[in-house]
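Reading through the structure tokens given below for one structure.
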Amino acid sequence: MILATPTGSGKSLVASGAIYFALCRGRRAYYTAPIKALVSEKFFDLCDQFGAANVGLLTGDASVNADAPIVCATAEIVANIALRDGAGSDVGVLVADEFHYYGESDRGWAWQVPLIELPDPSPETAVDRQPQFLLMSATLGSMDFFVDDLTRRTGRTTVPVTGAQRPVPLQYRYAITPIHETIAELIDAGRAPVYVVHFTQQQAVERAQALLSVKICDKEEKAAIAEAIGDFRFQTGFGGTLSKLLRSGIGVHHAGMLPRYRRLVERLAQAGLLKVVAGTDTLGVGINVPIRTVLFAGLTKYDGHRVRRLRAREFHQIAGRAGRAGFDTVGYVVAQAPEHDVENARAVAKAGDDPKKLRKVVRRKAPEGFVSWGEKTFETLIDAPDEELKSHFRMTTAMLMEVLERPGDCFAALRHLLETNHEPRSRQLRHIKHTIALYRDLCETGIVTKLDRPAADGKHVELSIDLPENFALTNPLSAFAVAAFELLDTDSDTYALDVISILECTLDDPRPVLVAQRKQARDAAVAEMKADGIEYEERMERLEQITWPQPLAEEIGFAYETYRRGHPWLANTPPSPKSVLRYMRERSMTFTELISDLGLARSEGVVLRYLTDCYRALNSGLPMSAVTDEIEDITDELGDLIRDVDSSLIDEWEQLTAQM
């Protein structure tokens, strides 16, 4: 079944029904979503419906009651289960919320893989033993392809549910008043809670702080907020800022916040205590927060490559958060005009009907680099159909490892994955060639060994005995890291830190941290050069050469160039030397001290996620030959640090089970 419904309550009802149906038939149900915040929210929702003992959580960062009959998991977790176990997995029913993420270029593979690998392709398999899929989104676009594909793979009838009527209709308005006046007007008109959508975290926080000058709540409302907050612990850094904002009735919500801060904002908003929440489009991804009005601060966003106008699907996803079924009879969607248009409108209004004054009005131009949008853009987005979902399948070393670990003929499983995915044949051939290159890489590094003769279950390869059971190659550079560990001197006093540096060079860059480190290094260099009397031009030239700390950069670069000669497919994925965990270890820093030292109060969540990636790499990305007692101690201490910073999900689940 594919469900396309614009209301969160409708999706929740159908999802719960599918899960209940699975339990009645003794089958395990998985609920998957694109972001951990949505997964955790559904986790607590299902705990309320089915009991905490029957619901588990798997996000990669947290594992809670993982053997439960109902499991809430990120899309990547379920994709890895499908790769590792195929049709032999325990997934009886898969509820895939926000399925439009299938069309995301970097994450779409995780939504496609379960559709390919979970059904049993064997003609002997009874239809009622095939897994069932509930794919949910209000913005799927045309579903014909998925209807045909699922029916062919499972033999089950696939039912598209379309044309659902919104129980809460939306009204649209384009505002040409200054944004703080627009917000005040909405509150005075009884159209709060207002979610003010920005497309950078900095803009969201700055907007919230600017609203402190606007009277949002009265004394009684502030007292209710203070009572609801209770003894919640706000850490130094962004915690102090958030506490002040919340007590004024203003929330902030973006991915750079610590999860427990985001959940507090969601809890206060759900209780109707926050009249304004300034945030990014994170609340456009299914988070169940009551919003009466969605106010777009702009209609463009930076997508990692360029600033562009919003796509129809992006706009509809965010706008669809307006209006609460059962509470509101109408939802409101407002687009705020650009600042230069607002000023021009005010100047024209001030001139009135006087032709002479109108001619003298000096219209303000858009800032340089501004991607033009206006009221016509807004009107076009309202009526535009959602774009067709396109396949973004890919093959990585981690995915290949999961399939090679599958019991039985893993090569047959790999062929099935590569030849029956949703890609056109020309791209399938490219994926096949790339996979062969990755496989040769694993063989050459000794991670995978070919068997002289197939095992009894038909398996043709085995993993190196030097690897732990939970070893994970998380990115294309992981095999390079395994080879690079052999270049380190185990007797060196810095061996453990050098291992960390190699692991860090394979991880995604935490940009806010690196930018802060570079600024810190350049500020120190400028002070030193001024003291030495170096002229301005030379100072500027030298500053261009200063970047964030990069331990072992030369050694890693040389090793990579040597390794790449035999592995040319890695040419587009060079290592990225950096020092975040090592930076902390060398200075004996706590999490709070790192945030304070680098001024990262707005990016605590980014730092926590990066340290979690470091923990996973240390815990499951090292061959046994590279592990020492010191590395084990560092791993344990890092795990404790992460839990101390934010253990909100596990703590809440423990409270739920304690109440049973």
Minimum-distance pair of heavy atoms, taken over all atoms of Phe591 and Glu604
CZ-O, 3.6 Å
Heavy-atom closest pair (Arg107 atom, Tyr101 atom, distance to 0.1 Å) is NH1-CE2, 3.9 Å
Would you confirm whether [X], through its side chain, and [Y], through its main-chain N or O, come within 3.5 Å as a donor-acceptor pair?
X: His254; Y: Gly256; result: yes
X: Ser213; Y: Ala210; result: yes
X: Ser579; Y: Tyr583; result: yes
X: Arg292; Y: Gly190; result: yes
X: Ser596; Y: Thr592; result: no
X: Ser243; Y: Gly240; result: no
X: Thr32; Y: Ala73; result: yes
X: Arg518; Y: Val513; result: no
X: His198; Y: Val196; result: yes
X: Asn65; Y: Ala53; result: yes

For the residue pair Arg311 and Phe315, would you count it as a cation-pi contact if the rule is NZ or CZ under 6.0 angstrom from the ring centre and within 45 degrees of the ring axis?
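Not satisfied by the 6.0 Å and 45° rule.
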Using a 4.5 Å cut-off on heavy atoms from C-beta on, say whether the side chain of [Y] contacts that of [X].
X: Gln520; Y: Asp597; answer: yes
X: Thr200; Y: Tyr302; answer: no
X: Pro549; Y: Lys578; answer: no
X: Val265; Y: Met257; answer: yes
X: Lys301; Y: Arg309; answer: no
X: Ile216; Y: Ser248; answer: no
X: Cys217; Y: Ile225; answer: yes
X: Leu258; Y: Leu608; answer: yes

Is there a donor in the side chain of [X] and an acceptor in the side chain of [Y], or the other way round, less than 3.5 Å apart?
X: Arg616; Y: Thr612; answer: no
X: Glu104; Y: His392; answer: no
X: Asp45; Y: Gln49; answer: yes
X: Ser501; Y: Arg582; answer: yes
X: Thr182; Y: Gln336; answer: yes
X: Glu206; Y: Gln202; answer: yes
X: Tyr610; Y: Glu504; answer: yes
X: Asp509; Y: Ser576; answer: yes
X: Glu98; Y: Ser137; answer: no

Could you please spell out the steps behind the side chain to side chain contact (heavy atoms under 4.5 Å, CB included) verdict for Lys519 and Asp523?
CA-CA 6 Å; Lys519 181 180 184 303; Asp523 289 346; 2.9 Å; yes
For the atom pair CG (Leu594) and CG (Leu600), what is the distance rounded to the nearest 0.5 Å?
6.5 Å
Find the distance between CD (Gln235) and CG (Asp644) and round it off to the nearest 0.5 Å.
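So the CD of Gln235 and the CG of Asp644 are separated by 9.5 Å.
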Tell me whether the centres of the aromatic rings in Phe232 and Phe234 are closer together than 6.0 Å.
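Yes.
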Please check if atom CD in Gln203 has more than 12 non-hydrogen atoms from other residues, nucleotides or ligands closer than 6.0 Å.
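Buried by this count: over 12 neighbours within 6.0 Å.
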